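Order of appearance sets the numbers: ligands from 1, and atoms from 1 within every ligand. For clarity, every value in this text was computed on a predicted model and none was experimentally measured.
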Amino acid sequence: QWDAHFANGRTSIVHLFEWKWSDIAAECERFLGPKGFGGVQISPPNENLVISNYNRVWWERYQPVSYKLITRSGNENEFKNMVDRCNAVNVRIYVDTVINHMSAGSGTGTGGSSGDVENKNFPGVPYSINDFHSTCKIDNYQDATNVRNCELAGLKDLDQGNNHVRNKIREYMNHLIDLGVAGFRIDAAKHMSPNDLKIIYAGLKDTKFGGKPFIYQEVIDFGGEPIKKTDYTGIGNVLEFLYGKKLSNMFRGNDKLTYLVNWGPAWGLLDGLKATCFIDNHDNQRYDSNSILTYKKPKQYKMAIAFMLAHPYGTARIMSSYLFNDKDQPAPQDAQKRLISPGFKPDGTCTNGYVCEHRWREIYNMIQFRNIVLGTPITNWWSNNVNQIAFGRGNKGFIAFTQEGDIKESLPTSLPDGTYCDVISGDLTNGSCTGKSVVVSGGKANIQLGQNEFDGMVAIHVQAKK
Ligand SMILES: O=C(NCCCOc1c(-c2ccc(O)c(O)c2)oc2cc(O)cc(O)c2c1=O)[C@@H]1CCCN1C(=O)/C=C/c1ccc(O)c(O)c1
Ligand SMILES: [Ca+2]
């Protein structure tokens, strides 16, 4: 349950937030497969409440009314087609799984099922009154029972201690395993008992890749509460929220890069083998954008992403967003409120309201960097003791960052001598570098990086060597 089942040599997940299944399938074939992405986290595929009074907010996807695979992203056939086409090009599918609760309001779902919250009746599953906790409100994060057995934001709280509930959740997740998915993001795991989850996970089938599905759990833990992220690491990975918080703080310039020399558990982070790491997610890029770096501060964001992808810690996940101003704003949609597909410019970046961070050269080239250096340790750590750092990954890759001041240094590296293309400013294409090049000679990399350049890092690896 800690193994992502990546195809060999692949390492990272991209969250294609609110994308349609048909568009994900196409993206796997035309981009994610060829560029070496390990997998896609998809939006919840189960039927959700239609919240039209807000004009279809994004968080309606987190208000289930059944486990039928019918949403604005597509139906079961389109889902199956996506999983098959992505698996065929070595890109895994991880399902965002909303099993803590059902909807907060009554109404009709995206597949026509009804939800009646007054009577806690969801015939599309079916769930009825005995399958839920009481309607107490979560109002005390110092009380673990309150956090798990009461309602989060008015959402009807399922009782995962109830056998019927356990069976319906297992049935849903096993159906997805039958369809070929490799794992699950467990939404709001903090609001469910680890013991109940353990029992539910024990009833899951093996995936088609061998072994139990990859499980990574949303447990928001910044310390100071009785519920701990380590309460959940015995049953699967946990999304490490400290990771993005601290790295964002660092690359906003609020702390000295040189302190990253011991980045990892020494900073209070989980054991990397149990951690899924990320900079921003669909929630905190909206609700915590004063501290979390997002696409809205591109230079710093790309530096934080590059550091995450260059560093050996954890299973990395990157966010792929749509443009938003208002925090509740829905995904790009047409006049009939149907999700619209991303478009693409000649340079491969997205249009139609999508940011597609995963299609930014600095980011997809660092996904490839992470793949190429997989299994190597950090070597040759250097810093100017303030805001310039550099490190290698074995004899496979090397990266340098400046947060302040120009770097003009010949830095020790374990890379073989030769001329390398900087994969941040360009690529190795037809035998030449489309961006900067870096000469390694006598075991030293000649790094030139100005503090006012477009990007704040230079990265080289053995597959971009002239
Ligand atoms: O003000 C809001 N929510 C109240 C604050 C609690 O936030 C929520 C948290 C939440 C936030 C912080 C925590 O420390 C925590 O333990 C839980 O988790 C959720 C998970 C869901 O599946 C569905 C939800 O509606 C929520 C939610 O409302 C706005 C309006 C309703 C949706 N929402 C939201 O803010 C929606 C947020 C949301 C939705 C999906 C997620 O996966 C998520 O992490 C957050
Ligand atoms: Ca709960």
Novice: Does ligand 1 have a heavy atom under 4.0 Å from the side chain of Tyr141, from its backbone, from both, or from neither?
Specialist: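 For Tyr141, only side-chain atoms sit under 4.0 Å from ligand 1.
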Novice: I need the single residue from Leu239, Val219, Val238 that forms a side-chain contact (heavy atoms from CB on, under 4.5 Å) with Leu270. Which is it?
Specialist: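 So the option named by the test is Val238.
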Novice: I'd like to know if the side chain of Asn365 and the backbone of Ile424 have a donor-acceptor N/O pair within less than 3.5 Å.
Specialist: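 No; judged by distance alone, with no hydrogens or angles, the pair does not exist.
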Novice: Using a 3.5 Å cut-off on N or O atoms only, is Arg185 in polar contact with ligand 1?
Specialist: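 It does: an N or O of Arg185 is found under 3.5 Å from an N or O of ligand 1.
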Novice: Is it true that a side-chain atom of Arg166 and a backbone atom of Gln160 form a donor plus acceptor pair closer than 3.5 Å?
Specialist: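 A pair under 3.5 Å: yes.
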Novice: Might you check, step by step, whether the distance between atom 5 (C) of ligand 1 and some protein heavy atom is under 4.0 Å?
Specialist: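 So far as the 4.0 Å threshold goes, atom 5 (C) of ligand 1 is out of reach of every protein heavy atom.
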Novice: Mind checking whether Asn281 contacts ligand 1 via backbone (N, CA, C, O), side chain (CB onward), both or neither, at a 4.0 Å heavy-atom cut-off?
Specialist: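 Answer for Asn281: neither.
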Novice: For side chain to side chain contact (heavy atoms under 4.5 Å, CB included), just list the numbers for Phe132 and Met102, CA-CA rounded to whole Å, side-chain angles, deciding distance to a tenth of an Å, and then say yes or no.
Specialist: CA-CA 9 Å; Phe132 294 89; Met102 301 301 279; 3.7 Å; yes
Novice: Which ligand 1 atoms, with their elements, are less than 4.0 angstrom from a heavy-atom of Tyr287?
Specialist: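 That gives atoms 29 (C), 33 (N), 34 (C), 35 (O) of ligand 1.
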Novice: Determine, using ring centers only, whether Phe391 and Phe307 are less than 6.0 Å apart.
Specialist: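 Here the rings of Phe391 and Phe307 have centres that are less than 6.0 Å from each other.
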Novice: Heavy atoms only, cut-off 4.0 Å: how does Trp59 contact ligand 1, side chain, backbone, both, or neither?
Specialist: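 For Trp59, the contact with ligand 1 is made by the side chain alone.
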Novice: Ligand 1 versus Val147, non-hydrogen atoms closer than 4.0 Å: side chain, backbone, both, neither?
Specialist: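 Neither part.
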Novice: Regarding atom 21 (C) of ligand 1: of the candidates Lys190, His101, His191, which has the closest heavy atom?
Specialist: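 Looking at heavy atoms only, His101 sits closest to atom 21 (C) of ligand 1.
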Novice: Measuring from the heavy atoms of Phe222, does anything fall under 4.0 Å of ligand 1?
Specialist: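 No; Phe222 lies far enough from ligand 1 that no heavy-atom distance drops under 4.0 Å.
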Novice: Could you tell me whether atom 1 (O) of ligand 1 has at least one protein heavy atom nearer than 4.0 Å?
Specialist: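 Not a single protein heavy atom is under 4.0 Å away.
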Novice: Quick one: give me the number of protein N/O/S atoms under 3.0 Å from the Ca ion (ligand 2).
Specialist: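 N, O or S atoms of the protein closer than 3.0 Å: 5.
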Novice: If we ignore hydrogens and angles and just use 3.5 Å, is the side chain of Asn48 paired with the main-chain N or O of Tyr62 as donor and acceptor?
Specialist: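 No; zero donor-acceptor contacts below 3.5 Å.
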Novice: Check whether any side-chain heavy atom of His358 sits under 4.5 Å from a side-chain heavy atom of Phe31, and report yes or no.
Specialist: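 Counting from C-beta outward, His358 and Phe31 do come under 4.5 Å.
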Novice: Using the benzene-type ring in the case of Trp, are the ring centres of His311 and Tyr243 under 6.0 Å apart?
Specialist: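 No, the ring centres sit 6.0 Å or more apart.
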Novice: Does ligand 1 come near enough to His282 that some N or O of the ligand is less than 3.5 Å from an N or O of the residue?
Specialist: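 Between His282 and ligand 1 (N or O atoms, distance only) the closest approach is under 3.5 Å.
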Novice: Within the structure, does at least one protein heavy atom fall under 4.0 Å of atom 35 (O) of ligand 1?
Specialist: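 Yes.
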Novice: Could you tell me which non-hydrogen atom of Ile279 sits nearest to which non-hydrogen atom of Ile292, and how far apart they are?
Specialist: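 Closest pair (atom of Ile279, atom of Ile292, distance): O-CG2, 3.5 Å.
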Novice: Regarding ligand 1, does Asp187 bring an N or O atom to under 3.5 Å of one of the ligand's N or O atoms?
Specialist: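 There is such a contact, yes.
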Novice: Would the distance check show the side chain of Asn387 and the main-chain N or O of Leu257 forming a donor-acceptor pair, the cut-off being under 3.5 Å?
Specialist: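 Indeed, once roles are kept as given, a pair shorter than 3.5 Å links the two residues.
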Novice: Identify the two heavy atoms, one from Gln142 and one from Pro226, that lie closest to each other, and give their separation to 0.1 Å.
Specialist: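 Closest approach of Gln142 to Pro226, heavy atoms only: O-CG, 3.2 Å.
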Novice: Quick one: which of Asp283, Asp328, Leu152 has a heavy atom closest to atom 45 (C) of ligand 1?
Specialist: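 Answer by nearest heavy atom: Asp283.
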Novice: Distance to 0.1 Å, residue and atom name: give those for the protein heavy atom nearest to atom 14 (O) of ligand 1.
Specialist: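 Of every protein heavy atom, Ile220 CD1, 3.6 Å lies nearest to atom 14 (O) of ligand 1.
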Novice: Go through the structure and list residues passing side chain to side chain contact (heavy atoms under 4.5 Å, CB included) with Thr108, not counting sequence neighbours.
Specialist: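 Partners of Thr108 under the side chain to side chain contact (heavy atoms under 4.5 Å, CB included) test: none.
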